[in-house]
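In what follows, a single structure is set out as structure tokens and then discussed.
Computation of the quantities below employed the complete heavy-atom set of this structure, encompassing side-chain atoms and omitting hydrogens, waters and symmetry-equivalent molecules. Numbers here are sequence positions counted from 1.
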Amino acid sequence: MDPRDDDIDFDFFADEPATTEAQSAAHRVRLPRRGGRGPGIRRPAGPPRGLTPLLRLLALIAIIVAVLVFFGLLLQSCASTSKHDAYQHYMAKVATIAHSSEDDGASVASALTTPGSKVGDLVTNLAGIAEQERQNVAAAEHLGPPGQLRDVNQHLIESLQLRVSGVQGLADTFEQTAKSKSSADAAVLATQADRLLASDVIWDDFFAVPAQKLLRKEGIGGVAVPTSKFVANPDFVSERSMALVLSRLRGASTGGTPSGVHGTNIVSTKAEPGGQTLSLSTLNTVTATTDLAFAVTIHDGGDSQEVGIKVTLTIDKPGGAIVKPTTMQVINPGQDKVVTFTNLGGVPFARNTHVNIDVAPVPGEADATNNKASYPVIFSLG
């Protein structure tokens, strides 16, 4: 190797003087990051980062619970309304049946008290009423009673079935005894009529009362439980009354003048309210209140049952009399009955007039002079 080569020294790793850029970088000042905190500056303390999701979850759960409670209350309200409507709809249908059955009961009373009726006519009428009542039974069987009313509805059906049985039994018994003269026939008729009385008891005690208790238990208000009375007057279907019906029917079947003593008479007439008994001989001052009425007591002085007696009240008045007719359905021998006239309208004030009562004679009545009465009256305002 040439010695001169040793004089040439290459040092690739020798330090070079620092460049201007390097020197500039060395003197740069580090600035704080945006949103960061510099020396001596701290952020306000907040919830730990792990607690925020938990709070959000709790808020969401609270909202869900509130929504569920709201819809629960809404559904409960709808269910309560639906239950009320179901019971009301059922009772409305029962009311229709109840009224129809009561009308049938009134028709039975009318058939038994029709003046001049014969056995054949009565049997036909009663059989027709029994058929109408069968339709009520069918309607009750097709009802859709809600909830616990299913058992109660069965008692409703039983009540109606007894009415069918009672009316049909009366028709059959009248037909079977048409030519009989036995006094025991009245007892057989009364036994059939007892079914009608029993039907009213079953309706009241086994349908109406339990239904009312159930409605209270369920908290359902504003729903009326219908009542239904087939027999308006229990005395009318007693054995004694049936004996009188038979006597009247058997007398009518023979034609001609009815046997026995027949006749009615006016006992008294009272102005109501107050019970003022009117005099036939002296002027009666009557206070004309808004509920003015006249109660007429009529007596059956014969030994026979009388039916369908027309009674008329007339008040003389300028420009046209006030006329109020009515019908007394039935009265038994020796019985007193009161017929009341209401809704009299505008009576004449401060002038003498008369209140006249006229009871129509019954078949076979020999003396009808005591069937009329005329009371001198002056009406005052009080």
Side-chain angles (χ1 to χ4, degrees), residues 100-138 160-200 229-264 300 302-310 327-333 335 360-365:
S100 176
S101 188
E102 279 194 345
D103 289 343
D104 288 342
S107 296
V108 170
S110 177
L112 292 172
T113 57
T114 300
S117 177
K118 296 184 178 181
V119 174
D121 299 330
L122 177 58
V123 169
T124 300
N125 288 339
L126 291 176
I129 296 168
E131 184 58 36
Q132 293 174 5
E133 198 63 14
R134 288 189 184 93
Q135 296 176 12
N136 288 328
V137 173
L160 296 171
Q161 288 172 335
L162 274 175
R163 293 174 180 183
V164 172
S165 176
V167 177
Q168 188 62 59
L170 286 174
D172 295 341
T173 304
F174 276 118
E175 185 175 29
Q176 294 165 4
T177 60
K179 297 181 180 180
S180 172
K181 300 297 182 180
S182 173
S183 60
D185 295 339
V188 179
L189 288 167
T191 300
Q192 299 299 328
D194 284 344
R195 290 173 168 81
L196 305 179
L197 293 172
S199 75
D200 289 348
K229 287 289 184 184
F230 199 83
V231 181
N233 183 3
D235 291 337
F236 184 68
V237 292
S238 66
E239 183 176 344
R240 179 174 182 271
S241 291
M242 287 299 169
L244 293 171
V245 171
L246 281 174
S247 176
R248 177 168 47 83
L249 288 173
R250 289 166 179 172
S253 65
T254 61
T257 303
S259 60
V261 179
H262 297 266
T264 61
D300 183 349
D303 58 10
S304 303
Q305 184 185 68
E306 308 298 348
V307 297
I309 304 172
K310 292 183 178 180
T327 300
M328 184 169 59
Q329 193 174 47
V330 61
I331 186 170
N332 292 326
Q335 185 180 21
V362 299
E365 185 168 4

Shortest non-hydrogen pair, Phe174 vs Val119, comes out as O-CG1, 3.5 Å

Sorted by chain and number, sequence neighbours left out, side chain to side chain contact (heavy atoms under 4.5 Å, CB included) with Ser238 holds for Arg240, Ser241

NZ of Lys179 to CZ of Arg250, rounded to nearest 0.5 Å, is 13.0 Å

Applying salt bridge (Lys or Arg N to Asp or Glu O under 4.0 Å) to Lys229 and not counting sequence neighbours gives Asp204

For Val261, is there any backbone N or O sitting under 3.5 Å from a side-chain donor or acceptor partner on Asp303?
yes

Examine the side chains of Asp185 and Ser180 and answer whether a donor and an acceptor come within less than 3.5 Å of each other.
yes

*State, yes or no, whether a side-chain contact exists between Asp104 and Arg163 at a heavy-atom distance under 4.5 Å.*
no

dist Gln335:CD -> Glu306:CD (nearest 0.5 Å) comes out at 11.5 Å

Applying salt bridge (Lys or Arg N to Asp or Glu O under 4.0 Å) to Asp194 and not counting sequence neighbours gives none

| task | Please tell me if the side chains of Leu196 and Leu170 come closer than 4.5 Å, counting only heavy atoms from C-beta onward. | result | yes

Taken to the nearest 0.5 Å, the spacing of Leu244 CG from Ile331 CD1 works out to 11.5 Å

Separation between CG (Leu249) and OG1 (Thr114), nearest 0.5 Å, reads 10.0 Å

Interatomic distance, OG@Ser101 vs CG@Asn136, rounded to 0.5 Å, equals 5.5 Å

- Query: So do Val108 and Phe236 actually touch side chain to side chain, heavy atoms under 4.5 Å?
  - Reply: no

Taken in chain and number order and not counting sequence neighbours, the residues that satisfy side chain to side chain contact (heavy atoms under 4.5 Å, CB included) with Asp121 are Ser117, Lys118

Contacts of Val137 meeting side chain to side chain contact (heavy atoms under 4.5 Å, CB included) (sequence neighbours excluded), chain-then-number -> Glu141, Ile157, Leu160, Gln161, Val164

To the nearest 0.5 Å, atom CG of Leu246 lies from atom CZ of Arg248 at 9.5 Å

Quiz item: Is a side-chain donor-acceptor pair under 3.5 Å present for Asp172 with Gln168?
Solution: yes

For this session: Check whether any side-chain heavy atom of Phe230 sits under 4.5 Å from a side-chain heavy atom of Leu162, and report yes or no.
Result: no

By salt bridge (Lys or Arg N to Asp or Glu O under 4.0 Å), Glu175 pairs with (sequence neighbours left out) none

